[in-house]
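Written below as structure tokens is the structure these notes are about.
Naming: A, B, ... by sequence-line order, numbering from 1 per chain.
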2 protein chains.
Amino acid sequence: MTATDARADRPTGRTRLLPPLPTQAERVAELLRESLIDGVYPPGQRLSEERLCEEFGVSRNTLREAFRLLVRERLLVHQMHRGVFVGLPTSDDVRDLFKARRILELPALRGAAAPSEEAVRQVGAAVDEGEAAREREDWWRMGTANMRFHQAVAGLAESARVNGFMSQVLAETRLVFHVMDAPREFHAPYLDWNRRIHTLLASGDARGAAEELTTYLDASEDQLVTAFTAMEDRA
Amino acid sequence: MTATDARADRPTGRTRLLPPLPTQAERVAELLRESLIDGVYPPGQRLSEERLCEEFGVSRNTLREAFRLLVRERLLVHQMHRGVFVGLPTSDDVRDLFKARRILELPALRGAAAPSEEAVRQVGAAVDEGEAAREREDWWRMGTANMRFHQAVAGLAESARVNGFMSQVLAETRLVFHVMDAPREFHAPYLDWNRRIHTLLASGDARGAAEELTTYLDASEDQLVTAFTAMEDRA
DNA sequence: ATTGAAGTATCGTTCAACAATCCAACGATG
DNA sequence: CATCGTTGGATTGTTGAACGATACTTCAAT
């Protein structure tokens with residue numbers, strides 16, 4: 001502590017107007033995160049520090065900072081002296097993810113007795129986007145829209161932290177879909193469910209919407225878990 | 001990629017028997033985390049890289065890796081070219097934290113129609129510990145026990161991810177208590193509530209337990225928010 | 001009092017080096 | 001032939017120093 005500790009020792013209380021100007025590590029993490037949910041790196045694969053800091057043009061230390069972030073989000077797993085690997089979810093993980101989704105999504109939907117106009121609109125927008133993508137047979141965007149739908153449902157809780165948790169859960173769910181690469185026909189049947197849920201929600205029947213979502217989640221989990229256990233037994 | 005790419009490129013599928021052997025950055029993060037929830041560093045204070053890597057005996061790079069972890073947990077906030085600061089929650093944060101707690105705790109409690117013996121036992125243990133601490137007038141452990149109670153309630157969901165989210169939320173809540181340093185009389189009245197909730201839960205009345213918890217959370221939030229807004233207006 | 005121009009301390013990032021550790025391949029032993 | 005040490009190479013873990021970039025303070029000038 002020097003004589004004149006010049007630096008202010010508390011953060012600006014002002015709410016950020018300018019975007020926080022991401023640091024390099026955060027930018028690398030963002031790029032990696034998108035690559036991961038896009039399935040660029042197959043689940044279970046090891047990510048070489050040497051190769052990636054070459055690829056991104058950053059130093060090893062910066063890359064490692066980015067790794068920590070994604071490990072915390074469970075997109076990567078870290079093994080001492082072995083390196084980081086793309087997450088490889090198991091059927092247990094699938095079950096746990098759906099437990100978390102029930103906890104996060106259902107109360108958000110039920111609690112939406114007087115939901116904000118904007119939040120409901122976002123749910124509807126995701127439904128529209130999904131149906132449009134199905135029309136165009138753009139299966140990738142359809143899957144993305146489905147994720148956005150569930151993100152919007154959790155968004156009804158109007159909580160920054162709940163939103164953060166939910167996006168983590170959904171990112172990990174993307175990994176699940178990549179383990180068994182069958183995103184096409186997987187999301188398609190659920191679009192109608194999404195539409196139904198939104199209709200009930202918009203009409204004020206949060207209760208009914210929650211019931212629909214419950215059966216949705218049950219069905220989706222069953223489908224995934226059976227596919228997973230079959231795959232695991234085969235391996 | 002050398003001719004003989006020796007390293008296995010997938011993580012050991014086996015569930016961890018040996019503890020993951022924490023890396024240095026994780027150990028530093030753990031120490032810092034405990035210091036933060038213990039209130040060693042007052043909320044809002046800036047944490048100097050130079051001073052802390054001296055204090056912990058690690059290099060700056062390693063310390064920065066630890067910082068990333070805690071920033072992600074919202075215990076620290078990071079400002080570009082300014083450094084990291086201990087989180088300084090506002091009344092808005094308090095409200096958001098309670099939204100998240102309602103989402104996480106209430107469904108876990110309600111969904112405990114057939115709760116695991118062990119999970120309920122842990123809830124009871126936290127209640128016992130709290131009352132014992134009150135007896136001894138050990139206010140610090142009493143506060144800790146109260147946190148453990150709510151962690152155990154969320155634990156009824158039996159989901160690793162939900163548990164992770166909950167411990168984050170509670171760690172941040174500790175920061176809230178440190179902002180207005182009044183942990184003593186704050187937790188005391190809630191112990192009886194905890195006892196009541198556990199009794200109802202153990203007797204199979206999850207519904208009633210959830211109602212008790214609802215009023216608990218409402219009261220606690222009100223108390224905190226009013227204290228916070230008063231403090232904020234004064235500043 | 002306000003503005004503006006140094007000065008300084010700290011952060012952001014890179015680089016190079018070394019120790020620790022894991023893994024594959026090899027070879028010895030039964 | 002199978003099993004078990006040993007060894008060598010590759011990768012990660014961590015450090016220390018360096019340099020540019022930025023924000024805060026100081027102080028002078030208006």
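Not a single side chain to side chain donor-acceptor pair (under 3.5 Å) links A:Thr173 to another residue, sequence neighbours left out. Every side chain to side chain donor-acceptor pair (under 3.5 Å) that A:Glu73 has, sequence neighbours left out, goes to A:Arg33, B:Arg72. In terms of the side chain to side chain contact (heavy atoms under 4.5 Å, CB included) criterion, residue partners of B:Gln223 (sequence neighbours excluded) are, by chain and number, B:Phe186, B:Tyr190. Under the side chain to side chain donor-acceptor pair (under 3.5 Å) criterion, B:Glu55 pairs with B:Tyr41, not counting sequence neighbours. With sequence neighbours left out, A:Ala66 forms a side chain to side chain contact (heavy atoms under 4.5 Å, CB included) with A:Val28, A:Ala29. Considering only residues two or more places apart in sequence or on other chains, B:Gln151 meets the side chain to side chain contact (heavy atoms under 4.5 Å, CB included) condition with B:Asn163, B:Met166, B:Ser167, B:Leu170. Residues passing the side chain to side chain contact (heavy atoms under 4.5 Å, CB included) test with B:Ser48, sequence neighbours excluded: B:Arg46, B:Glu50, B:Arg51.
Of the possible donor and acceptor atoms, none in the side chain of B:Thr23 sits under 3.5 Å from a partner among the backbone N and O of B:Glu26.
Around the CD atom of B:Glu117, the shell of radius 6.0 Å holds no more than 12 heavy atoms that belong to other residues, nucleotides or ligands.
Taking every side-chain heavy atom of B:Thr23 into account, D:dG13 is the closest of D:dT12, C:dC11, D:dG13. Checking D:dT14, C:dG12, C:dT21 against every side-chain atom of B:His81, the shortest atom distance belongs to C:dG12.
Contact check, A:Arg82 against C:dC23: a side-chain N or O comes under 4.0 Å of OP1 or OP2. For the pair A:His78 and D:dT12, the criterion of a side-chain N or O lying under 4.0 Å from OP1 or OP2 is not met. Checking the phosphate oxygens (OP1, OP2) of C:dC22, no side-chain nitrogen or oxygen of A:Gln79 falls inside 4.0 Å. Look at A:Ser48 and you won't find any side-chain N or O under 4.0 angstrom from OP1 or OP2 of D:dT11.
Counting only residues at least two apart or in different chains, salt bridge (charged side-chain N to carboxylate O under 4.0 Å, His left out) contacts with residues 163-175 of chain A comprise A:Glu172-B:Arg161. Applying the ring-ring contact (aromatic ring centres under 6.0 Å, His included) definition to pairs two or more places apart or across chains, those involving residues 149-172 of chain B are A:Phe165-B:Phe165, B:His150-B:Tyr216.
Within the helix from C:dA1-D:dT30 to C:dG30-D:dC1, the inter-axis angle between the opening and closing five-pair segments is 20°, rounded to 10°.
Rounding to whole angstrom units, CZ of residue B:Phe85 and P of C:dC11 are separated by 9 Å. The nearest whole Å value for the distance from the CZ atom in A:Arg51 to the C1' atom in D:dT12 is 16 Å. What separates CE of A:Met80 from P of C:dA19 is a distance of 17 Å, to the nearest Å. A straight line from CD of A:Glu49 to P of D:dT14 spans 11 Å, rounded to a whole angstrom.
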Nucleotides 5-8 of chain D: which of its N/O atoms have a protein N/O under 3.5 Å away?
none

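Positionally, the nearest nucleotide of DNA chain C for B:Glu50 lies more toward the 5' end than for the other of A:Gln24 and B:Glu50.
Of the residues in residues 53-75 of chain B, those with a non-hydrogen atom less than 4.0 angstrom from any atom of DNA chain C are B:Arg60, B:Asn61, B:Arg64.
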